[in-house]
Amino acid sequence: MPALRCELQDGIAVVTLDLTDHPVNVISRAVKDEFNATFERLAAEPGAQAVALFSGKPDNFIAGADIEEFVKLSSAAEAERLSADGHEMLSRVAAFPKPVVVGIHGACLGGGLEFALACAYRVATDHPKTQLGLPEVQLGLLPGAGGGQRLPRLIGARAALDIILAGKVERARKAFQLGIVDELVPPAILRDITLAAAKKLAGGWRPRRKRPGGFVGWVLDGNPLGRMLVFRMARQQVLKQTGGNYPAPLAALEAVEYGLRHGIAEGLKREAQLFGRLAVTDVSRKLVQIFFATTQLKKDYGVADEVKRLCIVGAGFMGAGIAGTAVAQAGVDVRMKDSDLPRVAKGLIAAREILDDRLKRRRITKYEHTRLIALVSGSDSYAGFGRADLVIEAVFEDLQVKQQVLREVEAATPEHAVFASNTSTIPITRIAEAAQRPERVIGMHFFSPVARMPLLEVIPGARTTPGTVSTAVAFGRRMGKTAIVVKDTPGFWINRILAPYMNEAGHILLEGVAIEEIDRLMVQWGFPVGPITLLDEVGLDVAQKASGVLHAAFGDRLVPAPVFALLVKDGRLGRKAGKGFYKYANGKKRGVDPAAYALVGVHPNGGVRPAEILQRVVLTMLNEAARAVGEGVVRSPRDGDIGALFGFGFPPFRGGPLRHVDDLGAARVVADLERLADRCGERFSPCEVLQDQARRHGKFYP
Ligand code: T1G
């Protein structure tokens, strides 16, 4: 079926793009050929004074170039050719002898936005589904169809770099404020306004656009010295954020700078060369695999019951975080309950702060803020639970307390209501022993802070039904979470593989390695923060409790590092207590607290070599991850890797712990673990899964 439909309407060629065999519009080679043929025909069509392009999809404009296509590219030269073909097509659109106007509704990303940028005029709908951006660096690429050349010239270098280097996607209103979009309209009149603009342009009218980037943009972008300053600062920022592990943002920076210096034609050539090189890197392959894995994950677990009212028991830090995030993301009616009204009031304030933050960052309008605030209510009784579809408890981490809450909730809620526990250490099956309806009991383990951490672990108990799993997963997704279903075993997935990683950091600290050195090495390896900083963020009391549960369940392999207990005893709970391994003041980290060393009875003396630190901290996690996969803790290596990436920032360019085992090779991992076991103790003995893979030359991703 052709992707383009074309009809003449009152002197305007109305072109509709609709890939009927694909859920979203993408620009593939075939679509490119159709565009070229169509524009060639329209150039000679006397009945067409202008072109107006729309998407035939209900809520998707163009999702970019066809990712499926460029993952098949085998050489840089081939990828460079693909990019150059895109340039040829869009240069034809940009130089088209008649005005080309696009009416954008839905996602307009990557090559889709690059197509729109080549057009003469852009109209977009003011709708949450209408998002515009150049997310290519998220795939280890750079905008390969002229985005790095046209966007800086439209909105200024700084604003363009802000979008390109972070792979940002902006809502339509922001895109309009930046000048990417010329008109912002309600969906109902998108077609009319777009056709009217095409008519006006056909009659010779031209839009008056503000200077790209405004006065400051003119000063900085408009002269070599200003531009050099902008690019130097941008380069420093990229290196600081990526640690040099991600080549794409630096390449994108080079393409933009080169084009501004040597003109669009030369810029496009450099862009194609750089795109070619990036497209065949291992980093890009890994990031594209993550995109497809997360996309597939969205499809698992079938159809769920609609949750219209969420109730939350426990208005503390986690409960309020869940409430605020649920309202902000899912726009659902939320009722919080705690034992007394002062606690409820505190929870409501904390939940509201999440909405206030969204308003402050212009993620929502004042009207939306007011509407969402009205959705959150609270009480010190179960009043209002009679209409609950889902109840999430976030009360004190104690089995009896949770079972009592479960009994009370079942008495107050309808038969169909799902009861979810936010527990991080107690088996769901144990909690469900107190249930009248154990099939509706499940775990929904959120990570702190709920508003920012993207992962949700969904844990079915022994008698939880698939429908309950689907409801919990679907609602987690409505909250903007990436949900993985994990087995009801101690520590579930994230805490299970983080525990040995954190323990090993504690052991290495006791061997005289400085706290900053341990954290620096792991950040350099690709983590967002080091293990010691992570302990302070999570809370040392929480870490101690979780590692105690794992030690009890899995034996000495996971014995907690003694340092945790020593700091907890001294009230050093981490950031939330203003002190842990680091000191904190006014919410900011103020460096390592020397008193922490005194407390654990060690003074940094250099200790273990960096290479060994890395090996011990990383391999102990890989070993536990392989073991847990073998026990079925996660449903697939894909889920385990996605969980580690979204749960605690395992370096995406390494693909996840299981992909990393594949890259290293099981035989090498086993040999290294055996050497560490000889030197540092039994906790490093390679698990059976790895030994078996080493023997069979097997892989987690065959
Ligand atoms: N190419 C191929 N398939 C794509 C695709 C793409 N660009 N985008 C989505 N799909 C598939 C996806 O795999 C899934 O397939 C289905 O569409 C629905 O996706 C030259 C080089 C657009 C916001 O990075 O962010 O342009 O599993 O479940 O939740 O400079 O998809 O159903 O068979 O995610 O409604 C840049 C990636 C490409 C955007 C829609 N573009 N896509 O979300 O649906 S590189 C992107 C998304 C590029 C140029 C460069 C989202 C979405 P299946 P979905 P959704």
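Counting starts at 1 for both ligands and their atoms, following the listed order.
Protein heavy atoms are absent from the 4.0 Å sphere centred on atom 33 (O) of ligand 1. Within a 4.0 Å radius of atom 52 (C) of ligand 1, the protein contributes no heavy atom.
Every atom of ligand 1 with a heavy atom of F275 under 4.0 Å away is listed here by number and element: 21 (C). The ligand atoms of ligand 1 that sit less than 4.0 angstrom from a heavy atom of F70 are 21 (C), 45 (S). Applying the 4.0 Å criterion to heavy atoms of L139 picks out, from ligand 1, the atoms 24 (O), 38 (C), 45 (S). The atoms of ligand 1 that sit less than 4.0 Å from any heavy atom of K298 are 28 (O), 29 (O), 34 (O), 54 (P), 55 (P). Each of the following atoms of ligand 1 lies closer than 4.0 Å to a heavy atom of G64: 26 (O). Which parts of ligand 1 touch P143 is read off a 4.0 Å heavy-atom cut-off, strictly below it: atoms 30 (O). Near V26, with a cut-off below 4.0 Å to any heavy atom, the atoms of ligand 1 are 1 (N), 2 (C), 5 (C), 6 (C), 7 (N). Per-residue contacts place D66 under 4.0 angstrom from the following atoms of ligand 1 (heavy atoms of the residue considered): 1 (N), 2 (C).
Judged by the shortest distance from any of its heavy atoms, Q296 lies inside the 4.0 Å radius around the atoms of ligand 1. Judged by the shortest distance from any of its heavy atoms, G147 lies outside the 4.0 Å radius around the atoms of ligand 1.
Protein heavy atom at the shortest distance from atom 14 (C) of ligand 1 is T295 CG2, 3.5 Å. Of all protein heavy atoms, the one lying nearest to atom 28 (O) of ligand 1 is K299 NZ, 3.3 Å. Nearest protein neighbour of atom 47 (C) of ligand 1, counting heavy atoms only, is F291 CE1, 4.0 Å. Distance from atom 25 (O) of ligand 1 to its nearest protein heavy atom, with residue and atom name: L109 CD1, 3.9 Å. Of the protein's non-hydrogen atoms, V24 CG2, 3.7 Å is the one closest to atom 9 (C) of ligand 1.
Of the heavy atoms in H22, only side-chain atoms (C-beta onward) come closer than 4.0 Å to ligand 1. By the criterion of a heavy-atom distance under 4.0 Å, neither the backbone nor the side chain of L134 is placed next to ligand 1. The proximity of A65 to ligand 1, defined as any non-hydrogen pair under 4.0 Å, involves the side chain as well as the backbone. Contacts between I67 and ligand 1 below 4.0 angstrom, taking non-hydrogen atoms only, involve backbone and side chain alike.
The local environment of CD in E306 is crowded, with over 12 non-hydrogen atoms from other residues, nucleotides or ligands closer than 6.0 Å.
Checked by atom type and distance alone, the side chain of E114 pairs as donor or acceptor with a backbone atom of G146 at under 3.5 Å. Judged by distance alone, the side chain of D389 and the main-chain N or O of K308 form a donor-acceptor pair under 3.5 Å.
For the pair R270 and Y258, the cation-pi criterion (under 6.0 Å, within 45° of the ring axis) is fulfilled.
Among A63, P23, G110, the residue whose heavy atom lies nearest to atom 46 (C) of ligand 1 is A63. When R477, E114, E271 are checked for heavy-atom proximity to atom 20 (C) of ligand 1, E114 turns out nearest.
Between atom CZ of residue R81 and atom CG of residue L73 there is a gap of 12.5 Å, rounded to the nearest 0.5 Å. Atom-to-atom distance recorded for F292:CZ and I67:CD1 is 5.0 Å, nearest 0.5 angstrom.
Checked by atom type, the side-chain pair Y246/Q241 shows no donor-acceptor distance below 3.5 Å. Inspection of the Q177 and R171 side chains reveals no N or O donor paired with an N or O acceptor under 3.5 Å. A side-chain donor from one of E271 and H87 sits under 3.5 Å from a side-chain acceptor of the other.
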Pair up each side-chain donor or acceptor in residues 98-105 with any protein partner under 3.5 Å, not counting sequence neighbours, and list the distances.
from	atom 1	to	atom 2	distance (Å)
K98	NZ	L42	O	2.8
K98	NZ	A43	O	3.3
K98	NZ	E45	O	2.8
K98	NZ	A48	O	2.8
H105	ND1	T125	OG1	2.7
H105	ND1	T130	OG1	3.4

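The side chain to side chain contact (heavy atoms under 4.5 Å, CB included) test with L165 singles out one residue from L250, T242, V238, and that residue is V238.
The two atoms that bring G140 and S284 nearest to each other are O-CB, 3.8 Å, heavy atoms only. Minimum interatomic distance between C119 and V93 (heavy atoms only, all atoms of both residues): SG-CG1, 4.0 Å.
We find that E69 and K32 are not joined by a salt bridge, their nearest charged nitrogen and carboxylate oxygen being 4.0 Å or further apart.
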